[in-house]
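Beneath this line is the structure, given in structure tokens, with notes to follow.
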Amino acid sequence: MARMPAIRPGRVFAPIAPIALLVVACTSTGLAGSGSPGPGTSSSPAAAASASVPGSPVATVVPETASPSVAVGPPAATLAVDGGDPVAGQLGSYTWSGNGSDSPWLPGAPITVGAGELLTARLDPDAEVASWSARRVAAGTSDGAGAVELGEGAAPIAFAAPATGHWSVQLTVGFAGELGSASYYWDVTVR
């Protein structure tokens, strides 16, 4: 058994009771060690989650919901013009593999482009795009009211920069395979 260090008066320390409680809970339900169930427990995850030894805390097994091949959230999106550095967009509202988040219209990540230049978006990691749409509002608009469409389609994602001005651009991507959708934002200055 590990020896506990002496506690000196006035010394601040982190309590270890929660860690010890977790170790006891895992050991008592057969979840620690070689992976085989403990005495009196079943090998099924549901049984392991509800099994306990009298007087011991019960460990809860939370099943993994996402497939190991599916990322936890949507991919990052970058926007660039030919020859320019890509700029990562701000992730807004999304649904992804059963999870999601809701946000208002975001100001976006700053990028400066020329009027009429072709803006190209890329996803990292690459994901199959079912559909996309791009819209813009005047920079500083917080709700997207009066948004003007810049383009829509399937992959690849490319659209012309808006007219000269200062804009907040939203790109909404629908992912193939029913993974969901995500909105990305950029603060675009068009010269």
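FYI, side chains are in, hydrogens and waters are out, and symmetry mates aren't considered; it's all heavy atoms of this structure. Being a predicted model, the structure only gives us computed values, none of them experimental.
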Just list the side-chain donor-acceptor pairs under 3.5 Å for residues 183-191, sequence neighbours left out, or say none.
{"residue": "Ser183", "atom": "OG", "partner": "Thr172", "partner atom": "OG1", "Å": "3.0"}
{"residue": "Tyr184", "atom": "OH", "partner": "Pro75", "partner atom": "O", "Å": "2.6"}
{"residue": "Tyr185", "atom": "OH", "partner": "Gln170", "partner atom": "NE2", "Å": "2.8"}
{"residue": "Trp186", "atom": "NE1", "partner": "Val87", "partner atom": "O", "Å": "2.8"}
{"residue": "Asp187", "atom": "OD1", "partner": "His166", "partner atom": "NE2", "Å": "2.4"}
{"residue": "Asp187", "atom": "OD2", "partner": "His166", "partner atom": "NE2", "Å": "3.4"}

Inset, instruction - Could you pull out all residues at least two apart from Asp82 that satisfy side chain to side chain donor-acceptor pair (under 3.5 Å)? - result: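 Asp82 satisfies side chain to side chain donor-acceptor pair (under 3.5 Å) with no other residue.
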
Inset, instruction - Name all residues meeting the side chain to side chain donor-acceptor pair (under 3.5 Å) criterion together with Thr164; count only those two or more places apart in sequence or in a different chain, and write none if there are none. - result: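 Not a single residue meets the side chain to side chain donor-acceptor pair (under 3.5 Å) criterion with Thr164.
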
Which residues pass the side chain to side chain contact (heavy atoms under 4.5 Å, CB included) test with [X], not counting sequence neighbours?
X: Pro86; result: Thr78, Ala80
X: Ser142; result: none
X: Thr141; result: Val137, Ala138, Asp143
X: Glu128; result: Ala176

Inset, instruction - Check whether any side-chain heavy atom of Pro74 sits under 4.5 Å from a side-chain heavy atom of Leu91, and report yes or no. - result: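 Yes - at least one pair of side-chain heavy atoms lies under 4.5 Å apart.
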
Legend entry - Audit row: Ile157, Val129, side-chain contact (heavy atoms from CB on, under 4.5 Å) steps and yes/no: CA-CA 9 Å; Ile157 303 170; Val129 175; 4.2 Å; yes

Inset, instruction - For the pair Thr95 (side chain) and Ser181 (backbone), establish whether a donor and an acceptor sit closer than 3.5 Å, ignoring hydrogens and angles. - result: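 Present.
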
Legend entry - Side-chain donor or acceptor of Trp167 paired with backbone N/O of Ala139 under 3.5 Å: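 Pair absent, no side-chain N/O of Trp167 close to backbone of Ala139.
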
Inset, instruction - List in chain and number order the residues that pass ring-ring contact (aromatic ring centres under 6.0 Å, His included) with Tyr94, two or more places apart in sequence or in another chain; answer none if no residue qualifies. - result: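 If we apply the ring-ring contact (aromatic ring centres under 6.0 Å, His included) test to Tyr94, skipping adjacent residues, there are no hits.
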
Legend entry - Least distance between heavy atoms, Trp96 atom then Gly73 atom: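 Nearest heavy atoms, Trp96 then Gly73: NE1-O, 3.2 Å.
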
Inset, instruction - Could you pull out the closest heavy-atom pair between Ala155 and Trp132, with the gap in Å? - result: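 Closest pair (atom of Ala155, atom of Trp132, distance): N-CD1, 4.3 Å.
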
Legend entry - Reported CG-to-OG distance for the pair Leu179 and Ser97, which is rounded to 0.5 angstrom: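 Rounded to the nearest 0.5 Å, the CG-OG separation comes to 6.0 Å.
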
Legend entry - From Ser133 atom OG to Leu171 atom CG, the distance as rounded to the nearest 0.5 Å: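 With rounding to 0.5 Å, OG (Ser133) is 7.0 Å from CG (Leu171).
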
Legend entry - CD/Glu149: more than 12 non-hydrogen atoms of other groups inside 6.0 Å: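 Yes, enclosed.
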
Going by atom type alone, with no hydrogens or angles, which donor-acceptor pairs under 3.5 Å involve a side-chain atom of residues 105-120 and a protein atom two or more places apart or on another chain?
{"residue": "Trp105", "atom": "NE1", "partner": "Ser168", "partner atom": "OG", "Å": "2.7"}
{"residue": "Glu117", "atom": "OE1", "partner": "Gly114", "partner atom": "N", "Å": "2.5"}

